[in-house]
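Since the structure comes first, as structure tokens, the remarks are kept for the end.
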Amino acid sequence: MKLNIENALRFVNQNEYTEMCKKAQEKLTVLNTGTGEGNDFLGWIDLPNSYSDEDIEDIQNVADRMRKLDCVVIIGIGGSYLGAKATIEALKPHFEKMGTEIIFAGHTLSGNYHAELIDYLSDKQFGIVVISKSGTTTEPAVAFRLLYAEMQKRFDKETIRDRIVVITDEKKGALRTLCDKEGFDDFIIADNVGGRFSVLSPVGLLPIAIAGFDIEEMLHGASMAQDICLEDNVKNPAIQYAAIRNMLYNDGKKVELMVNYNPRLKYFAEWWKQLYGESEGKNHKGLFPASVSYTTDLHSLGQFVQDGSPILFENVLWVNDDSDAPVVPHDDENLDKLNYLEGKNMEYINSKAAEGTMNAHVAGNVPNIRIEMDTVDEYNLGFLMYFFEIACGISAYILNVNPFNQPGVEAYKKEMFRLLGKE
Ligand code: PA5
């Protein structure tokens with residue numbers, strides 16, 4: 001992974017940036033030594049190297065069993081599904097179906113979504129992985145109740161036991177009680193790992209393994225990132241990223257746009273949005289994390305980015321891989337006037353669109369951060385996710401907020417429960 005902040009640095013005062021880097025280094029120490037707010041939620045820092053061979057084998061064995069089914073429904077919301085969804089969407093082919101189908105549920109209360117899902121599953125051999133740390137979150141709990149009832153209509157107890165896996169707290173929550181009563185296979189979400197920092201725990205690893213991807217490579221990438229991102233050094237990319245985004249925030253930028261030029265990374269941005277939005281958006285502070293897919297969205301939001309309220313900066317995730325890009329063919333008639341692109345591959349054209357967009361946006365007062373990776377694979381995703389997690393912890397501490405709680409999420413729940421008549 002290569003972080004390039006040149007086109008953001010030119011918008012800030014260099015001395016102030018140096019000071020901000022020093023502050024970021026101090027905050028990294030606070031994170032590393034567990035002396036900051038929310039320090040009982042730092043278990044994720046050591047996740048990359050926390051697995052024994054037996055732990056990996058346990059995950060892989062359950063995954064292999066589930067992979068024999070037609071499809072597996074992953075039930076969860078927020079941090080209990082976004083890491084897996086982001087990784088699977090980034091790694092799976094755009095069109096071709098591969099192996100066991102992975103379906104997500106419990107991340108929406110849409111009746112229509114779940115009605116169609118029940119219908120779709122009615123002639124399939126399906127399994128369920130239900131993920132909820134608290135074990136009481138309404139969206140996944142309702143979805144699980146619906147799909148569990150469907151299973152009970154069609155399969156005997158033993159088959160059901162083979163097809164349901166629970167990932168929840170070791171001791172508490174309704175899901176724990178049900179899991180213990182029915183004897184389902186389970187994995188534990190450690191007390192000190194919060195939802196949005198749990199992608200490298202079984203919360204992310206089991207669904208990713210069921211989808212057929214290499215979880216050891218992902219942990220390997222994360223472990224490399226751990227070596228680099230915990231270093232108390234101004235060259236540490238997590239320090240630089242945390243520092244520059246806080247500089248831009250202090251200078252009036254209020255929205256950070258994560259940009260991709262590859263639809264595979266659309267859900268990666270969703271994962272990142274939750275990580276930063278829920279960790280930093282507190283006490284009336286924080287950058288609003290948003291995302292766009294270019295060049296698609298240049299034809300819808302490009303106008304605003306270039307010319308609208310000057311509150312944005314961009315964070316471009318660029319992938320260098322052009323190995324399978326088709327080449328523009330020659331056309332004798334050249335009616336579309338595209339022969340000037342003859343022999344060029346699509347990724348080359350994409351890269352020039354990215355370069356041109358950056359030049360135009362930077363000239364339009366939109367600072368640009370660029371993160372490059374060679375290819376989208378398990379190793380690089382593991383690396384990138386760990387990098388963003390560490391940078392998030394540092395960045396939230398710079399803002400002076402606790403990165404690991406989410407008190408604001410309770411307000412909607414309280415109101416919803418009142419309207420639903422929950423006692
Ligand atoms: O990051 C978080 O802590 C949240 O987004 C949770 O992951 C989300 O609310 C789901 O919670 P739970 O896993 O308890 O069902």
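Residue indices begin at 1 and follow the sequence shown. Note that ligands are numbered from 1 as they come in the structure, with each ligand's atoms numbered from 1 the same way.
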Quiz item: Considering all protein heavy atoms, does one lie under 4.0 Å from atom 11 (O) of ligand 1?
Solution: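 At least one protein heavy atom is under 4.0 Å away.
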
Quiz prompt | Shortest non-hydrogen separation from Tyr267 to Glu89 and the atoms involved | solution = CD1-CG, 3.9 Å

What atoms in ligand 1 come closer than 4.0 Å to a heavy atom of [X]?
X      : value
Thr137 : 11 (O), 12 (P), 14 (O), 15 (O)
Arg196 : 1 (O), 2 (C), 3 (O)
Ile77  : 7 (O), 8 (C), 10 (C)
Gly79  : 5 (O), 6 (C), 7 (O)

Quiz item: Quick one: do Lys85 and Glu270 make a salt bridge, cutoff under 4.0 Å?
Solution: no

Quiz item: Considering the options Tyr276, Tyr386, Phe41, Phe404, which one meets the ring pair (Phe, Tyr, Trp, His ring centres under 6.0 Å) requirement together with Phe197?
Solution: Phe404

Quiz item: Strictly under 4.0 Å, does any heavy atom of Gln274 approach an atom of ligand 1?
Solution: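 For ligand 1, residue contact (heavy atoms, under 4.0 Å) with Gln274 is present.
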
Quiz prompt | Option with minimal heavy-atom separation from atom 4 (C) of ligand 1, where the choices are Lys413, His107, Glu278 | solution = Glu278

Quiz prompt | Pair Thr168, Asp186: side-chain N/O donor-acceptor within cut-off below 3.5 Å | solution =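 No, because no side-chain N or O of Thr168 sits under 3.5 Å from a partner of the opposite role on Asp186.
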
Exercise. Go through the side-chain N and O atoms of Thr35 and Thr33 and say whether any donor and acceptor fall under 3.5 Å apart.
Key: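 Present: a donor and an acceptor within the cut-off.
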
Exercise. Please write down residue, atom name and distance for the protein heavy atom closest to atom 3 (O) of ligand 1.
Key: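 Here the nearest protein heavy atom works out to Gly195 N, 3.5 Å.
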
Practice problem: Can you tell me which residue pairs pass the ring pair (Phe, Tyr, Trp, His ring centres under 6.0 Å) test with a partner in residues 214-238, sequence neighbours excluded? | Solution: His220-Tyr379

